[in-house]
**Q** 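Got a structure for you, questions after.
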Amino acid sequence: MTRQKARILIIEDDVDYVDTLEGYLKDDYEVHSAESLREARSLLEWNAFHLAIVDISLVLGDSSDEKGFRLIEELRTTEILRDMSIIIVTAYPSEERVRKAFKDYRVRDFIDKMTLDPKEFKKEVAEAIAASYGGALSF
Amino acid sequence: MVSSDPILIVEDDPDWQDELCTILGAVGYKCEIAPNFESGLVKLVEHRPMTLVLDLKLRSDLPEDEGFLGWRLARQALELDIPIIIVTGHPSVARARKAFRDYKVIDFFDKLDMDKEELISRVSDGVKASQERTLTPALRQHALEQLRRMFYGGMPIRPNSPKERR
């Protein structure tokens, strides 16, 4: 019997970066991706995910990171998604963004794209999935 | 009503000790001060503070930020778990991430950009969270024994008495 894999949603408009992250994860997880907030919302409405990896620098007409944070806020106020683990990735890290991400949005991790280490990233993903929904899931 | 249990400030700079105590004292918090993590650990056990305001770069030549090292020691060796707020003059993305992700701090402030009202608000959050936790007599005794073994070779602890501040 095939063991069920945890499901990850990558919300990222840079398709090359999606390919990179998918390359690290596809052997162990079922990976989906969304290039926009609308696409992400649609996927989240109809599918159960165990982890969302969100680029807060999503560009939708402007380069503000408010789009990514806005989606995370939606997730945190949606009852069935509020305890889903979230990892942020960004090419524009700052202490203030780190603070906002952990303090206001309870993310599991905040990763600078430029210094992402694949081995550490996979470990973080595994821990985030184990902790998702309060650790109620098992794979 | 503000809690009468103290806020512990671990900070080596006397000016910042005064500044933090003044900010918190103005709204009624009592402060205990420790200039390094060794005396900080002793005070954590002896005074049972409600929240810890912690500097990262204390006077030390250790390779790791002494604040993180001290707190890891407190958690692992002494089984202490108190809400922590970091106040640092050396903020960085890596330090902020480590503080929130690994040490579960309730906030992280850059000394040069700190909002006093926000600090007070976060200390208040820490106190509320702390009121739900207790350091039982057995746990306290265990922690004191550990401290004696770690720093004093099993001899009784004789920390320098701090000047209490209100």
Side-chain angles (χ1 to χ4, degrees), chain A residues 21 51-57 63 65 68-69 72-73 75-76 82-135, chain B residues 11 16 20 23 51-57 64-65 67-68 71-72 75-76 81-130 132:
Chain A
L21 294 182
L51 170 66
I53 298 173
V54 183
D55 178 1
I56 55 168
S57 318
S63 57
D65 62 19
F69 275 130
I72 296 172
E73 184 156 3
L75 295 177
R76 287 297 182 235
R82 68 178 174 211
D83 293 323
M84 179 178 65
S85 285
I86 297 172
I87 289 175
I88 281 178
V89 291
T90 180
Y92 307 100
S94 70
E95 295 96 67
E96 197 45 48
R97 288 198 180 100
V98 171
R99 189 171 171 246
K100 184 175 178 177
F102 281 100
K103 189 166 73 78
D104 297 343
Y105 299 108
R106 297 185 290 113
V107 303
R108 284 287 308 184
D109 204 352
F110 182 104
I111 296 175
D112 177 356
K113 284 184 182 180
M114 299 297 123
T115 59
L116 185 146
D117 175 82
K119 197 173 166 185
E120 198 188 319
F121 176 65
K122 287 201 275 192
K123 182 168 169 278
E124 278 302 321
V125 165
E127 287 175 6
I129 285 173
S132 203
Y133 299 102
Chain B
E11 167 63 66
W16 271 100
L20 292 167
I23 293 169
T51 294
L52 171 64
V53 176
L54 176 64
D55 185 16
L56 287 179
K57 282 258 181 226
E64 182 183 353
D65 290 333
F68 282 141
W71 187 240
R72 191 164 72 248
R75 272 202 324 204
Q76 289 174 357
D81 184 16
I82 293 169
I84 305 175
I85 295 167
I86 301 262
V87 179
T88 179
H90 303 270
S92 69
V93 168
R95 284 202 175 94
R97 180 182 176 228
K98 186 173 180 176
F100 281 107
R101 187 188 66 168
D102 299 341
Y103 292 88
K104 306 288 189 269
V105 302
I106 55 175
D107 215 332
F108 181 99
F109 289 102
D110 174 357
K111 279 180 178 176
L112 297 183
D113 196 29
M114 185 178 69
D115 181 277
K116 294 176 187 177
E117 292 303 321
E118 212 168 348
L119 173 66
I120 292 167
S121 174
R122 302 308 280 159
V123 166
S124 171
D125 290 343
V127 168
K128 279 185 205 139
S130 198
E132 294 168 15

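Per chain, numbering begins at 1; letters A, B, ... match sequence-line order.
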**Q** Which of the residues A:T115, A:D109, A:V107 is involved in the greatest number of heavy-atom pairs with chain B at under 4.5 angstrom?
**A**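 Looking at each option in turn, the highest pair count goes to A:D109.
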**Q** Can you name the residues of residues 116-124 of chain B that have some heavy atom under 4.5 Å away from a heavy atom in chain A?
**A**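 Answer by number: B:E118, B:R122.
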**Q** I want to check something: taking the side chain as every heavy atom from C-beta on, are A:I72 and A:D104 in contact at a cut-off of under 4.5 Å?
**A**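 Side-chain contact under 4.5 Å: no.
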**Q** Quick check: do A:R76 and A:I86 have side-chain heavy atoms less than 4.5 Å from each other?
**A**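 They are in contact (side-chain heavy atoms under 4.5 Å apart), so the answer is yes.
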**Q** Quick one: which of A:R99, A:K103, A:E96, A:R108 has the most heavy-atom pairs under 4.5 Å with chain B, could you say?
**A**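 Looking at each option in turn, the highest pair count goes to A:R99.
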**Q** With A:F102, which of B:F100, B:F108, B:Y103 fulfils ring pair (Phe, Tyr, Trp, His ring centres under 6.0 Å)?
**A**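 Only one of B:F100, B:F108, B:Y103 forms a ring pair (Phe, Tyr, Trp, His ring centres under 6.0 Å) with A:F102, namely B:F100.
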**Q** Could you tell me the separation between the OG1 atom of B:T88 and the CG atom of B:L112, rounded to the nearest 0.5 Å?
**A**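 Atom-to-atom, B:T88:OG1 and B:L112:CG are 9.5 Å apart.
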**Q** What's the spacing between B:I82 CD1 and B:T51 OG1 if we round to 0.5 Å?
**A**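 With rounding to 0.5 Å, CD1 (B:I82) is 8.5 Å from OG1 (B:T51).
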**Q** What distance separates A:I111 CD1 from A:E124 CD, expressed to the nearest 0.5 Å?
**A**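 Result: 6.0 Å between the selected atoms.
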**Q** If the threshold is 4.0 Å, N to carboxylate O, is there a salt bridge linking B:D55 and B:K111?
**A**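 Salt bridge flag = yes for B:K111 with B:D55.
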